Each structure stands twice: as structure tokens, then as C-alpha cells.
Amino acid sequence: MILLELFFEFFKVGLFAVGGGMATLPFLYELAEKGWYAPEFVSTMLAISESTPGPIGINMSTYVGFLQWGILGSIAAVIGEITPSIIIILIISKFLQKFKDSAIFKDAFYGLRAASCAMIVAAGVGIVKIAFFGEKLSDFFWQGGILAVILYVFLKKFKLHPVVYIGISAVVGIIFKFSI
Amino acid sequence: MEYLMLFLTFAKIGAITFGGGLAMLPILKREVVENKGWATEEELVDYYAIGQCTPGIIAVNTATFIGAKQKGVLGGIVATLGVVFPSVIIITTIAAFLQNFLDYQFVQYALNGIRICVCVLIFDAVLTLLKKAVIDIPSGVIFLVALVLSLFTSFPIIGIVVLAGICGISVKAAKKFKSKGGDKE
């Protein structure tokens, strides 16, 4: 029964959380009220989800599902969370493919693309803040700054797969004891 | 076979993305646009735009889009299952055996390094996408207005998307009107 409950609770999260993984946080606090875990544990789950590969929202729902019913619980929660997305996006995708050559659609996407880039940049500013600055904006993480410049030069020179740079950065972080 | 390829490609993307949907952008660009040719850079930006203002996880929405474009409904489902598959494995392992893995000092050092790298990768990906999205003065203005709105106000994302779409249609209509008028002169 709890598996069904997990599926439906996360189906709701997937249906109502607009704007990605972080938008699911309020829902996770609500689920804590069901007694599934302590509200304080949400921040631990968030920290782990942000520090492991994969979409943050999916990582968090996997965690909650696992706490309730082991690996099957994880699967139930994740399937619940992605089902609304799949349905909604499949409908939009059908629609897009049908109208993608119409002039009005192309014109709308001309504007939308620029705005989408702006929203990506705005979200990127948040990520930069976390990566380069500590509690105060005045503490610039200068070792990180040097690594960033070197990485960018290498990225432009050798077009290696992104995961190579991620691996190198992890090793550099360990060797030079990166701490903010 | 193509379904297996979709699943494996998206599983790979899910397994090497650190930092959520935005961090997935450079990896998607590499794997889906450059390696596989499943989508163009413009389409990737479009999917992000739609993914941000529809319900659900952005990375999942983008995977569904690309899968559906390749192989219809089943393709969308397979790609989505692929992108979440590594999460299930990794998080259940951590939840079962390594709940305190963040307490290890070397994990923190590594994550601090990875975060820097993710910033650089996103910066590079955004620059390429910007060249495709901001192509003239009106699109530059739309970009700047949307940037200011999303950085400094709590204007809803769906509002920005709808307004940008309307602006796009209006700008193009004005252009067509102008060039028509020009022909007559």
C-alpha cells in the first residue's frame, strides 16, 4: 500500500512543482508532516542530492522512496514523479512537431529562445555564487578562480568530453584541499 | 536497438551530471547535439524554455522531448527512464551504506573542485547557445529584459515565457509589415 502512496504523492509533486528540482522542496517538507522523516532531514537529502550525479529532484524522490520501502520504494517514487512530466511533454512534443514549421510558431520561438537563455544565465549566476563565494560575497575563492581560467583555456583548446574536466577538477580539489 | 541507444545515452548523461538540470546542459550539448545529432542547439534551448515553465524536473522534461523527437512516445519514455536510472542506483547505495559520505573531508574538496568545473562548462555552453538565440537587436532586448526580470524580480517564469513569445511574434510581424511597406515605395 505504501508503494501506491509513494507513487501518488510523487505524482502530485511531479504535476505541481514547476521550475525543476528546487521547486519540489516545499512538497518534501509537506511529506515530512506525514511522519515519513523529520523535517530537518530534508536539508540532508538536499545536500546529498546536490552532491551526487543526476537531476536533483529525482535524487531527492529516490531518497524519500528508499527511506519508506527500500529500493522498490525508490522506484515507485521516481516513476510517480516522472509520469506527469512524460504525459505533459509528450503532448506538447506532438503539438510542436505538428506546428514547428508554421510561421507564428517560429516567430514565438525567436522570442522565447532569447528569454530561455536569459533564464539559464540567471540560474547560472546562482551556481557561480555557490561555487566561487562563501557566506559573504567579499570572500572570493581565488584558487577556484585560477582553476576556472585554466579549465576554460583547456576546454577551448582540446574539445574533450565534459566528464574529463569534471574528473580533473575533482582530483585538483582533493590535491589542493579546496575549501570555501 | 535505437531504443537501447536512447536509454544508454541518457543513462550516461544522468550519471555524469553534477548539479541538476542546468549542469546537464553542457553534457546534453556534447552527447545529444554534437555526438548523436538528435537535436540542434536551437531545439535544446527551446526544450529548456518549455521545460522550465511546465511541471516536473527540467532534466526529465528535456529527456522526454529528445526521446519523443527520435522515436515517438516509447522513445520519450525510454529516454526518461534512462536519465533517472543512475540516480536510483547511486542514491539507494548512498542511503543504504554511505549516509555520512558528505562528512569525509576529501569528498568536500572534490565537490568544491567539481562545482568550479560545472560553472565553466555551463558558461561555455551558454555562450554557444546565446549566439543562436540572440541574433539581432530585438532578440538582444528580449534577452536583457528577461535577464533583469529573472535576476531581480520574482516575476513568474511562465509570464516571462509567454511575454517573450508574444514579443517574438510582434517583432517579426512588425518586420514583415515594414519590408512590405518598403517594397511599395
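Convention: sequence-line order gives letters A, B, ...; per-chain numbering from 1. Bear in mind that the values here come from a model prediction, so they are computed numbers and not experimental data.
- In this structure the side chain of Pro55(A) reaches within 4.5 angstrom of the side chain of Met24(B), judged on heavy atoms.
- Of the two parts of Ile127(A), the backbone and the side chain both hold a non-hydrogen atom closer than 4.5 Å to a non-hydrogen atom of chain B.
- For Tyr109(B) against Lys177(A), the heavy-atom pair with the smallest separation is CD2-C, 3.4 Å.
- A 4.5 Å side-chain heavy-atom check between Asn112(B) and Phe176(A) finds every atom pair outside the cut-off.
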Quiz prompt | Stepwise side chain to side chain contact (heavy atoms under 4.5 Å, CB included) check, Val161(B) with Met119(A) | solution = CA-CA 10 Å; Val161(B) 167; Met119(A) 292 186 288; 3.7 Å; yes
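- Under a hydrophobic-cluster definition in which Ile, Leu, Val, Met, Phe, Trp and Tyr are linked whenever side-chain heavy atoms come within less than 4.5 Å, directly or via other members, Met5(B) and Leu8(B) are assigned to the same cluster.
- The candidate with the highest count of non-hydrogen atom pairs below 4.5 Å against chain B, out of Val172(A), Ile82(A), Val171(A), is Ile82(A).
- Grouping Ile, Leu, Val, Met, Phe, Trp and Tyr by side-chain contacts under 4.5 Å, direct or through others, puts Ile91(A) with Ile87(A).
- Of the two parts of Phe105(A), neither the backbone nor the side chain holds a non-hydrogen atom closer than 4.5 Å to a non-hydrogen atom of chain B.
- Rounding to the nearest 0.5 angstrom, the gap separating the CD1 atom in Ile166(A) from the SG atom in Cys117(B) is 5.5 Å.
- Counting heavy-atom pairs under 4.5 Å between each of Leu147(B), Thr92(B), Ile77(B), Ile58(B) and chain A puts Thr92(B) at the top.
- A pairwise comparison of heavy atoms in Leu121(B) and Pro162(A) identifies CD1-CB, 3.9 Å as the closest pair.
- Interface remark: Asn100(B) contributes no atoms to any contact with chain A (heavy atom separation under 4.5 Å).
- Residues satisfying the side-chain contact (heavy atoms from CB on, under 4.5 Å) criterion with Ile50(B), sequence neighbours excluded, are Ile92(A), Leu96(A), Phe109(A), Thr54(B), Phe65(B).
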Practice problem: Verify side chain to side chain contact (heavy atoms under 4.5 Å, CB included) between Met60(A) and Ile91(B), making sure each step is shown before the conclusion. | Solution: CA-CA 8 Å; Met60(A) 289 195 288; Ile91(B) 295 291; over 6 Å; no
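- Considering only heavy-atom pairs separated by less than 4.5 Å from chain A, the leading option among Pro138(B), Pro156(B), Gly72(B) is Pro138(B).
- Residues Ser51(A) and Leu102(B) are in side-chain contact: their nearest non-hydrogen atoms beyond the backbone lie under 4.5 Å apart.
- Contact tally against chain A (heavy-atom pairs below 4.5 Å) for Leu111(B), Val60(B), Val88(B), Val134(B): the top residue is Val88(B).
- In this structure, OG in Ser169(A) is found 8.5 Å from CD1 in Ile116(B), a value given to the nearest 0.5 Å.
- Only the backbone of Glu50(A) comes within less than 4.5 Å of a heavy atom in chain B; its side chain stays farther off.
- Heavy atoms of other residues, nucleotides or ligands lying less than 6.0 angstrom from NZ of Lys129(A) number 12 at most.
- Top candidate by heavy-atom pairs under 4.5 Å with chain A, chosen from Val84(B), Leu98(B), Val126(B), is Val84(B).
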Practice problem: Tell me, with the steps shown, if Tyr48(B) and Ile120(A) meet side chain to side chain contact (heavy atoms under 4.5 Å, CB included). | Solution: CA-CA 8 Å; Tyr48(B) 262 77; Ile120(A) 292 172; 4.2 Å; yes
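- Neither the backbone nor the side chain of Ile168(A) has a heavy atom closer than 4.5 Å to any heavy atom of chain B.
- Contact annotation for Lys159(A): both backbone and side-chain heavy atoms come within less than 4.5 Å of a heavy atom of chain B.
- Atom CG of Leu4(B) has more than 12 heavy atoms from other residues, nucleotides or ligands within 6.0 Å.
- Minimum interatomic distance between Ala96(B) and Phe66(A) (heavy atoms only, all atoms of both residues): CB-CZ, 3.5 Å.
- If you measure heavy-atom distances from Phe178(A) to chain B, the contacts under 4.5 Å come from both the backbone and the side chain.
- Residue Pro84(A): no heavy atom, backbone or side chain, is found under 4.5 Å from chain B.
- Within the 4.5 Å cutoff, no side-chain heavy atoms of Leu112(A) are placed close to those of Ile142(B).
- Put simply, of Gly51(B), Gly165(B), Ala146(B), the one with the most heavy-atom pairs under 4.5 Å next to chain A is Gly165(B).
- Side-chain atoms of Tyr110(A) and Ile135(B), non-hydrogen and from C-beta on, do get closer than 4.5 Å to each other.
- How far CG of Leu127(B) is from OH of Tyr152(A): 5.0 Å, rounded to the nearest 0.5 Å.
- Ranking Ile27(B), Asn61(B), Ile122(B) against chain A, the residue ahead of the rest is Asn61(B), based on heavy-atom pairs under 4.5 Å.
- By the 4.0 Å N-to-carboxylate-O rule, Asp107(A) lies close enough to Lys176(B) to be salt-bridged with it.
- Shortest non-hydrogen contact noted between Thr62(A) and Ser87(B) is CG2-O, 4.0 Å.
- Within a 6.0 Å sphere centred on CH2 of Trp36(A), heavy atoms belonging to other residues, nucleotides or ligands number more than 12.
- With contacts defined as side-chain heavy-atom distances shorter than 4.5 Å, the pair Ile48(A)/Phe101(B) qualifies.
- Residue contact with chain B, scored on non-hydrogen atoms closer than 4.5 Å, involves the side chain of Val78(A) exclusively.
- Only the side chain of Ile88(A) comes within less than 4.5 Å of a heavy atom in chain B; its backbone stays farther off.
- Counting non-hydrogen atoms of neighbouring residues, nucleotides and ligands closer than 6.0 angstrom, the CZ atom of Phe155(B) exceeds 12 such neighbours.
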Taking only distance into account, with no hydrogens and no angle test, what donor-acceptor pairs under 3.5 Å do side-chain atoms of residues 3-27 of chain A form with protein atoms, sequence neighbours excluded?
unit_1   : atom_1 : unit_2   : atom_2 : d
Glu5(A)  : OE2    : Lys34(A) : NZ     : 2.9
Glu9(A)  : OE2    : Lys34(A) : NZ     : 3.2
Thr24(A) : OG1    : Gly21(A) : O      : 2.6

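- When the heavy atoms of residues 35-45 of chain B are compared with those of chain A, the residues falling under 4.5 Å are Glu42(B), Val45(B), listed by number.
- Note that the OG atom of Ser179(A) and the CD atom of Gln105(B) stand 7.0 Å from one another [nearest 0.5 Å].
- Environment of CG in Leu151(B): crowded, with over 12 heavy atoms of neighbouring residues, nucleotides or ligands closer than 6.0 Å.
- Note that the CG atom of Leu22(B) and the CD1 atom of Ile56(A) stand 10.0 Å from one another [nearest 0.5 Å].
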Exercise. Begin with the C-alpha distance, continue with both residues' side-chain angles, and end with the deciding distance and a verdict on side chain to side chain contact (heavy atoms under 4.5 Å, CB included) for Val120(B) and Val149(A).
Key: CA-CA 8 Å; Val120(B) 174; Val149(A) 172; over 6 Å; no
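- Of the two parts of Lys69(B), the backbone and the side chain both hold a non-hydrogen atom closer than 4.5 Å to a non-hydrogen atom of chain A.
- Across all non-hydrogen atoms, the minimal contact from Arg30(B) to His161(A) is NH2-N, 3.7 Å.
- The shortest heavy-atom contact between Gly57(A) and Ile57(B) is CA-CD1, 3.6 Å.
- Contact check for Pro53(A) versus Ile90(B): side-chain heavy atoms found under the 4.5 Å cut-off.
- Rounding to the nearest 0.5 Å places CZ of Phe123(B) at 13.0 Å from CG of Leu151(A).
- For Leu160(A), the part lying near chain B is the backbone, with the side chain staying farther off; criterion is any non-hydrogen pair under 4.5 Å.
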